[in-house]
S.K.: 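First the structure, then my questions, so here it is.
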There are 4 protein chains.
Amino acid sequence: MTRKLTQRGRDRRLQILREAARLFSERGYHPTSVADIVASLKVGKGVFYWYFPSKEELFVELLRGAHQDLRRRQQAAIGDEPDPVRRIELGIRASMAWFHEHRSSFNLVQFAATEERFAPVVRHNREVAIADAVRHIKDGIVEGRIADQDPGVLAEAVVGVTERLAQAYLLERDEPVDQVADAAVAFCLRGLMG
Amino acid sequence: MTRKLTQRGRDRRLQILREAARLFSERGYHPTSVADIVASLKVGKGVFYWYFPSKEELFVELLRGAHQDLRRRQQAAIGDEPDPVRRIELGIRASMAWFHEHRSSFNLVQFAATEERFAPVVRHNREVAIADAVRHIKDGIVEGRIADQDPGVLAEAVVGVTERLAQAYLLERDEPVDQVADAAVAFCLRGLMG
Amino acid sequence: MTRKLTQRGRDRRLQILREAARLFSERGYHPTSVADIVASLKVGKGVFYWYFPSKEELFVELLRGAHQDLRRRQQAAIGDEPDPVRRIELGIRASMAWFHEHRSSFNLVQFAATEERFAPVVRHNREVAIADAVRHIKDGIVEGRIADQDPGVLAEAVVGVTERLAQAYLLERDEPVDQVADAAVAFCLRGLMG
Amino acid sequence: MTRKLTQRGRDRRLQILREAARLFSERGYHPTSVADIVASLKVGKGVFYWYFPSKEELFVELLRGAHQDLRRRQQAAIGDEPDPVRRIELGIRASMAWFHEHRSSFNLVQFAATEERFAPVVRHNREVAIADAVRHIKDGIVEGRIADQDPGVLAEAVVGVTERLAQAYLLERDEPVDQVADAAVAFCLRGLMG
DNA sequence: TATGAATGAGTTTTCATTCAT
DNA sequence: GATGAATGAAAACTCATTCAT
């Protein structure tokens with residue numbers, strides 16, 4: 001049912017996605033009505049439903065898009081780096097940079113996790129992210145560079161540190177990305193070491 | 001303007017708080033209507049508004065109550081332990097135990113952070129929690145037991161690890177509290193070490 | 001179904017009537033809830049329903065009571081004054097004094113006139129009041145002291161002036177009763193003269 | 001924030017205003033629910049809130065609209081008549097005609113005066129109306145055609161007579177406008193004469 | 001494609017009244 | 001007589017979605 005869109009149509013679609021993300025992130029998903037979104041773009045309500053079947057589907061698209069985009073960013077950063085510990089570091093730094101540029105996505109995921117209908121999507125995305133990290137961690141353990149503990153636990157811990165510092169220092173306090181990334185990397189690498 | 005309540009009244013109030021927390025946590029705040037809450041308790045709609053001025057205020061009370069309760073639990077666990085690193089460990093373990101017993105509170109805070117009107121409460125609660133941890137971390141730094149880095153950052157990292165592992169292993173996978181706590185403590189203490 | 005009341009009971013009843021009249025008049029009938037009334041008296045809700053079958057009936061009682069009381073006051077003032085014009089003057093002055101002392105009743109009647117279920121009571125009360133005035137006016141016409149016009153119209157006009165000046169100067173501007181009464185009498189007597 | 005409306009929209013809006021006025025006036029403001037209004041127009045509930053932010057605001061608009069409309073009617077009737085007494089007469093007659101054509105507005109104002117939140121609007125409207133009348137009365141006093149008394153009091157008296165006779169004879173008894181106007185003019189002019 | 005208009009189920013909240021103690 | 005608790009119908013209002021133009 002994906003509509004064939006002209007260039008102009010694709011632009012419109014993207015514009016709506018971005019504005020929705022911004023408003024959802026600022027005020028919350030429920031407090032942002034479809035009317036708010038279209039009003040903020042100064043278009044009629046029909047426009048929204050021309051490009052999206054429902055508010056809910058748009059939100060899920062945002063969710064999936066954010067996950068894919070972040071993941072691509074991590075993979076691009078890691079490239080074919082052979083050192084697993086260095087790969088983890090690059091992953092943390094890439095994530096931090098991405099969070100910095102896509103501040104609005106942060107809240108969306110946070111929110112989605114708390115609502116029954118969106119939770120499965122979030123859960124799936126998280127599993128993928130953890131599986132990615134677990135691979136590097138396992139390699140590190142094999143090389144004796146990382147403590148021989150449950151790699152899943154270590155991966156969750158790394159993600160926990162990264163997201164928390166992003167939230168507290170990037171989003172709330174607007175500190176320079178590099179410094180925050182440095183701090184996250186330092187803590188995580190120590191935490192991982194055997 | 002707090003109502004004078006009999007014992008029965010206090011029980012009812014508590015019952016509503018608990019049921020609301022359960023439903024909010026299971027389905028989400030917005031998808032849970034006041035009608036759902038009272039129906040689930042098999043009482044009339046008026047009962048809710050006899051005890052709470054609004055759904056919103058009940059939610060805030062839940063938020064503040066959770067924060068206070070967790071904090072008390074941490075303080076009780078720490079007692080007058082002189083070793084700052086040990087204090088941090090005790091704090092992590094107490095938090096983990098509390099999360100285990102109050103699984104519903106977890107989602108609530110998560111959600112609240114994403115909605116404009118509740119965010120300030122969450123922010124305040126977090127600041128208090130971080131300030132608590134910072135005190136122990138500073139002591140640890142003075143004693144040379146903890147890396148001489150921004151104590152706020154370290155505190156956020158510890159909280160990030162603890163909450164993430166609680167979420168992933170206690171709530172989603174129902175693993176034994178002690179094991180999850182051990183893992184969190186291990187990671188954090190390594191992460192903190194100088 | 002009138003309850004047998006002890007002295008204390010009669011006091012309570014009166015107290016409720018007065019408080020209700022005050023609140024109805026200050027805020028309006030609908031915006032004043034039974035809960036407001038009993039809260040303002042610091043008693044339980046049961047008290048209200050012990051003395052009155054419903055909010056509506058209490059209101060009607062206030063309405064009827066006000067009418068009767070005002071009428072008695074007028075009759076007492078007029079006594080057996082033989083001069084019809086003088087009787088009208090005394091009636092106006094008595095009304096003005098009564099309005100001054102029962103400011104709250106004013107709004108009640110005003111409101112009651114606008115609501116379907118109370119309008120008949122108001123209409124009836126007004127007819128009685130007009131009929132009273134008409135008697136004096138007819139006498140005045142017979143004596144040639146008052147213009148020979150429809151006495152009903154003249155009566156309404158007199159009432160209109162009296163109430164309007166009471167409202168504007170007694171209630172809203174708190175001017176001395178006598179002065180307001182003088183003004184009303186002056187205007188009305190000129191208006192009536194042949 | 002006023003919505004851009006098409007012709008159809010403006011018609012709808014007006015239709016709602018009129019229907020609301022009719023129902024408020026017949027049954028009272030509170031006994032008339034928004035549901036009643038839209039049901040009576042056979043449209044959905046959302047229509048009401050598409051055109052008006054709240055029942056309360058619609059009511060205030062009705063109030064202000066009535067005031068302005070009556071005032072315009074008076075001014076049009078008075079034109080540039082040089083004789084102040086004649087101006088007053090024309091004002092009374094114009095008001096009477098307007099009351100006759102807008103019977104529903106009458107009750108609304110009456111009601112509004114009794115409720116805290118609407119009273120200020122009524123008070124303001126009345127002040128304007130009185131100020132209008134006062135101007136003519138002052139002129140009349142200067143010319144020695146009107147009793148040298150507080151013009152505000154005289155204005156209130158005139159308004160009191162006019163409204164009362166309109167209420168009693170136009171609305172309740174459906175008498176011919178001209179006759180009622182004649183009676184009001186007669187009484188008022190006598191009442192004003194020096 | 002796009003707009004303003006319309007729908008109506010669903011939400012929060014109020015409140016007169018009744019009940020149990 | 002009196003209280004706090006409970007009821008539940010009904011109110012105002014919201015908003016995702018659809019429709020007519």
Side-chain angles (χ1 to χ4, degrees), chain A residues 3 5-6 8-9 12 30-38 42-58, chain B residues 3-13 30-38 41-56 58, chain C residues 3 5-6 8-9 12 30-38 42-58, chain D residues 3-13 30-39 41-58:
Chain A
R3 228 182 262 285
L5 293 177
T6 65
R8 185 164 158 246
R12 245 302 134 81
H30 288 288
T32 302
S33 67
V34 172
D36 290 337
I37 298 168
V38 298
K42 294 184 204 311
V43 298
K45 243 177 248 186
V47 171
F48 185 97
Y49 287 93
W50 180 259
Y51 293 104
F52 301 95
S54 72
K55 186 187 174 188
E56 192 169 331
E57 294 236 7
L58 172 142
Chain B
R3 226 182 263 285
K4 223 184 299 170
L5 295 179
T6 62
Q7 184 52 43
R8 186 171 167 220
R10 282 193 297 276
D11 290 350
R12 239 312 128 74
R13 209 185 121 92
H30 288 288
T32 303
S33 68
V34 172
D36 290 336
I37 297 169
V38 298
L41 292 172
K42 295 185 205 313
V43 296
K45 214 170 293 191
V47 169
F48 186 96
Y49 290 93
W50 179 257
Y51 294 103
F52 301 95
S54 70
K55 186 186 171 185
E56 194 168 328
L58 170 140
Chain C
R3 227 182 263 286
L5 294 176
T6 64
R8 184 164 158 245
R12 247 299 134 82
H30 288 288
T32 302
S33 67
V34 172
D36 289 337
I37 297 167
V38 298
K42 296 183 203 312
V43 298
K45 242 177 247 186
V47 171
F48 185 97
Y49 287 93
W50 180 261
Y51 293 104
F52 300 95
S54 72
K55 186 187 174 190
E56 193 168 331
E57 294 236 7
L58 171 142
Chain D
R3 227 183 262 285
K4 223 183 298 166
L5 294 179
T6 63
Q7 184 52 44
R8 186 171 168 222
R10 283 194 295 277
D11 291 350
R12 238 313 124 76
R13 208 184 121 91
H30 288 288
T32 302
S33 69
V34 171
D36 290 337
I37 297 168
V38 296
L41 293 172
K42 294 184 204 316
V43 297
K45 212 173 293 187
V47 169
F48 185 97
Y49 291 96
W50 179 258
Y51 295 102
F52 301 94
S54 69
K55 185 185 172 189
E56 195 169 327
E57 292 231 11
L58 171 139

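Everything numeric here is computed off the predicted structure, so don't read it as measured data.
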S.K.: Name all residues meeting the ring pair (Phe, Tyr, Trp, His ring centres under 6.0 Å) criterion together with Tyr51(B); count only those two or more places apart in sequence or in a different chain, and write none if there are none.
M.R.: none
S.K.: Scan Phe52(A) against the nucleic acid and name what it touches under 4.0 Å (heavy atoms): base, sugar-phosphate only, or nothing.
M.R.: nothing
S.K.: Base, sugar-phosphate or nothing for Val47(B)? Non-hydrogen atoms, less than 4.0 Å.
M.R.: base
S.K.: Once you round it to whole Å, what is the distance between C1' of dC19(F) and CH2 of Trp50(A)?
M.R.: 14 Å
S.K.: Describe the nucleic acid contact of Gly9(A) in one word from base, sugar-phosphate, nothing, applying a heavy-atom distance below 4.0 Å.
M.R.: nothing
S.K.: Ala35(A) and Lys45(A): which non-hydrogen atoms are nearest, and at how many Å?
M.R.: CB-CE, 4.1 Å
S.K.: The helix from dA2(E)-dT21(F) to dT21(E)-dA2(F): angle between its terminal axes, five pairs each, to 10°?
M.R.: 20°
S.K.: Which part of the nucleic acid, if any, lies within contact of Arg8(A), taking any heavy atom under 4.0 Å across all strands shown: a base, the sugar-phosphate backbone alone, or nothing?
M.R.: sugar-phosphate
S.K.: Please report the closest heavy-atom contact between His30(A) and Pro31(B), naming both atoms and the distance.
M.R.: NE2-CD, 4.3 Å
S.K.: Can you measure Leu41(D) atom CG to dG8(E) atom P for me and round it to whole angstrom units?
M.R.: 14 Å
S.K.: Go through the structure and list residues passing ring pair (Phe, Tyr, Trp, His ring centres under 6.0 Å) with Tyr49(B), not counting sequence neighbours.
M.R.: none
S.K.: How many Å lie between OH on Tyr51(A) and P on dT18(F), as a whole number?
M.R.: 18 Å
S.K.: With Asp36(A), which residues qualify under salt bridge (Lys or Arg N to Asp or Glu O under 4.0 Å), at least two apart?
M.R.: Arg27(A)
S.K.: Nearest-nucleotide wise, let me know which of Lys42(C) and Arg12(B) is further upstream toward the 5' end of DNA chain F.
M.R.: Lys42(C)
S.K.: Can you check the Leu58(D) CG to dA11(F) P distance for me, whole Å?
M.R.: 17 Å
S.K.: How would you list, by chain and number, every residue that makes a salt bridge (Lys or Arg N to Asp or Glu O under 4.0 Å) with Arg12(B), sequence neighbours excluded?
M.R.: none
S.K.: Mind checking the CZ-CZ spacing from Arg10(B) to Arg13(B)? Nearest 0.5 Å is all I need.
M.R.: 11.0 Å
S.K.: Using atom names, set out every protein N or O paired with an N or O of nucleotides 13-17 of chain E below 3.5 Å, distance rounded to 0.1 Å.
M.R.:
unit_1  : atom_1 : unit_2   : atom_2 : d
dT13(E) : OP2    : Tyr49(B) : OH     : 2.8
dT13(E) : OP2    : Lys55(B) : N      : 3.1
dA16(E) : OP1    : Lys55(C) : NZ     : 3.0
dA16(E) : OP2    : Val34(C) : N      : 2.7
dT17(E) : OP2    : Tyr49(C) : OH     : 3.0
dT17(E) : OP2    : Lys55(C) : N      : 3.0
dT17(E) : O4     : Lys45(C) : NZ     : 3.3

S.K.: Of all the heavy-atom pairs spanning Thr32(C) and Lys55(C), show the shortest one and how long it is.
M.R.: O-NZ, 2.9 Å
S.K.: How long is the line joining CD1 of Ile37(B) and C1' of dT11(E), in whole Å?
M.R.: 12 Å
